[in-house]
There are 2 protein chains.
Amino acid sequence: MSKHTIIRLSRYKNALYRFESLGFVKVFSDNLADAIGVTPSQVRKDFSMFGLSGNKRGGYKVDELLAKLNEILGTNKAHNVIVAGAGNLGSALIKYKGFEKENIKITAAFDIDHSKGERAGEIPVKPFDEMQEYVRQNDIRVGIIAVPDMAAQHVADVMMAGGIKGILNFAPIRLRVDEGIVVNNVNLALELENIIYFICVPMGSGKGIK
Amino acid sequence: MSKHTIIRLSRYKNALYRFESLGFVKVFSDNLADAIGVTPSQVRKDFSMFGLSGNKRGGYKVDELLAKLNEILGTNKAHNVIVAGAGNLGSALIKYKGFEKENIKITAAFDIDHSKGERAGEIPVKPFDEMQEYVRQNDIRVGIIAVPDMAAQHVADVMMAGGIKGILNFAPIRLRVDEGIVVNNVNLALELENIIYFICVPMGSGKGIK
DNA sequence: TAGATTGTTAATCGATTAACAATC
DNA sequence: TAGATTGTTAATCGATTAACAATC
């Protein structure tokens, strides 16, 4: 199943929550398509690949669809995640509100300098040495890498040694990982650079925005 | 020109800096392919689309290639950027080190509560009311949105009114923007959700990782 | 030269879109 | 029923890869 399809599934889900809060009981493929910026065909195709069905004339029931999407995406279960690196980015992630409503919780952060922000009421910042054992003991499956570039590969290795299966990597390097380990990269500088390219390219020439 | 191509160009550039620091004078399409995880064909195809040429047997000169990539991507010129929202994420971005080496500088942050982190030596946090005028006066072309979801569309509108052409949006909603405005979305919860999906899907079934 | 690598064309692959029969 | 929407198949589109002649 392609990554793009799953991303769209998440977007449908977000949109559905908004429709729900607006009082919608059912939606049509047209509504969802509009909401996330794809064609209605795409919506129906995506749904049919996961056996999500609607009524031939009544569209899709919002609550049913949401329940099924949450089940497919795994967001009906809680997931615990750790962060390596408690610098600027790491601490912002620890405090980030957006994970909660997807049932995702950051349970611990690790840093070589664990004095960083060890505050009561917040998530503990532990010494990096303890990470592997913590991962193992708490059966953590997903880790976030928010350490300097040079340390990223080592952190990834330790995460994998502890049993982590998926990594969200903020370091602008390609991690070498074992077979079957899932890595998503977020490269902030690259995102900006990309925007800069597309606003600088002369629009006239038929090039420009994709 | 497709967004994916430009992203790869940025990645080649990153890899080239690393090759350069290792003392490489020239590289082959094979080296670059390995470094960023694509096929050598892809590398040569990408380069040929931008008139980046090498030597039929000697590969590509690292310094020349870097200079040309920086020119194409616009990273040879400095770019000033603003941030809306000086909460956790906004302040982490202000302090983020990774923009500098791409010649990108955050020159100001804006928040309705501008008392947040107005510290000397750092970037000033100004009242949100002043944003539009600041954008206009300083000819800012790119803005980052790191405000709560509900405020994001309004912020985008004000940015556009000030003359901003590109937006990096961290709010998990689809922004409605004018023709020709470039938007890149970074949705942190979605990235994690996506990882969770792929590590949860039973690997055996031929599905799994893409 | 012989061998290796580029640049480019053609083939392949996968993803998106259009079309339409089924049917509520 | 007539009209509208789904579910699915076929067509299209674009991007990636393979192949190979050119050539350093």
Side-chain angles (χ1 to χ4, degrees), chain A residues 1-12 15-16 19 24-66 68-69 72 174 194 197-198 206-210, chain B residues 1-12 15-16 19 24-66 68-69 72 174 194 197-198 206-210:
Chain A
M1 190 57 58
S2 117
K3 182 170 160 167
H4 283 141
T5 310
I6 304 304
I7 289 176
R8 283 195 301 271
L9 250 43
S10 288
R11 293 196 204 281
Y12 297 138
L16 281 165
F19 281 124
F24 282 53
V25 171
K26 54 190 188 181
V27 290
F28 302 119
S29 54
D30 228 29
N31 303 134
L32 284 165
D34 255 17
I36 81 159
V38 297
T39 61
S41 284
Q42 182 79 269
V43 176
R44 298 197 298 274
K45 187 73 180 290
D46 288 341
F47 285 2
S48 86
M49 295 181 79
F50 288 91
L52 299 170
S53 58
N55 302 337
K56 270 273 167 13
R57 231 206 77 199
Y60 304 82
K61 284 195 188 160
V62 173
D63 55 354
E64 278 182 16
L65 200 48
L66 265 173
K68 282 180 183 164
L69 282 172
I72 291 166
R174 188 162 87 102
N194 193 252
Y197 174 83
F198 283 105
K207 299 179 177 183
I209 315 209
K210 169 234 156 115
Chain B
M1 189 58 57
S2 115
K3 182 171 161 168
H4 284 142
T5 310
I6 304 305
I7 288 176
R8 283 196 301 270
L9 249 44
S10 288
R11 292 196 203 281
Y12 297 140
L16 282 165
F19 281 124
F24 282 53
V25 172
K26 54 190 189 184
V27 291
F28 302 120
S29 54
D30 228 28
N31 304 132
L32 284 166
D34 255 16
I36 81 158
V38 297
T39 62
S41 284
Q42 181 80 269
V43 176
R44 298 198 297 275
K45 187 71 180 289
D46 287 341
F47 285 1
S48 87
M49 294 181 78
F50 288 91
L52 300 169
S53 58
N55 302 336
K56 271 272 161 26
R57 233 206 75 199
Y60 305 82
K61 286 196 188 159
V62 174
D63 55 354
E64 279 182 15
L65 200 48
L66 265 173
K68 282 179 182 163
L69 282 173
I72 291 166
R174 188 162 88 103
N194 194 252
Y197 174 82
F198 283 105
K207 298 180 177 182
I209 313 207
K210 170 236 157 111

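Chain letters run A, B, ... following the sequence lines, proteins first, then strands; residues in each count from 1.
Between A/Ala15 and A/Ala35, the closest heavy-atom pair is CB-CB, 3.8 Å. Smallest separation of non-hydrogen atoms from B/Val38 and B/Tyr12: CG2-OH, 4.0 Å. Residues B/Ser29 and B/Val43 approach most closely at O-CG2, 3.7 Å, considering heavy atoms. Shortest non-hydrogen contact noted between A/Arg174 and B/Asp34 is NH2-O, 2.9 Å.
Taking atom CZ of B/Phe50 as the reference point, atom P of C/dT8 lies 14 Å away to the nearest angstrom. Remark: C1' of C/dA15 and CG of A/Asp46 are 10 Å apart, rounded to the nearest angstrom. Distance CE (B/Met1) to P (D/dG14): 13 Å, rounded to an integer number of Å. The distance between atom NE2 of B/His4 and atom C1' of D/dG14, rounded to the nearest whole Å, is 12 Å. The separation between A/Leu32 atom CG and D/dG7 atom P is 12 Å, rounded to whole Å. One atom, CZ of B/Phe47, and another, C1' of C/dT6, lie 12 Å apart when rounded to the nearest Å. In this structure, the CG atom of B/Leu52 is 13 Å from the P atom of C/dT6, given to the nearest Å. With rounding to whole Å, A/Phe28 atom CZ is found 17 Å from D/dG3 atom P.
Stems are defined here as 3 or more consecutive Watson-Crick or G-U wobble pairs with pairing distances under 3.5 Å; those involving DNA chain D are C:3-24 with D:3-24.
Nearest nucleotide to the side chain of A/Arg8, out of C/dT16, D/dA15, D/dG7: C/dT16.
Residues A/Ile6 and A/Ile72 form no side-chain contact, since every pair of their non-hydrogen atoms from C-beta on lies 4.5 Å or further apart.
Of the inter-residue distances, the one linking B/Tyr60 atom OH with B/Leu66 atom CG reads 14.0 Å to the nearest 0.5 angstrom.
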Under a 4.0 Å heavy-atom criterion, the protein footprint on nucleotides 17-24 of chain D, written with B, S and -, is BBB--BSB
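Looking at heavy-atom distances under 4.0 Å, A/Ser29 makes contact with sugar-phosphate atoms alone, never a base.
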Verdict with reasoning, A/Phe50 to A/Thr5, per side chain to side chain contact (heavy atoms under 4.5 Å, CB included) = CA-CA 10 Å; A/Phe50 288 91; A/Thr5 310; 4.0 Å; yes
Quick one: do A/Tyr197 and B/Leu9 satisfy side chain to side chain contact (heavy atoms under 4.5 Å, CB included)? Show the steps, please.
-> CA-CA 11 Å; A/Tyr197 174 83; B/Leu9 249 44; 5.9 Å; no
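Note on ring orientation: taking the six-membered ring where Trp is involved, the planes of A/Phe19 and A/Phe24 are tilted (angle from 30° to 60°).
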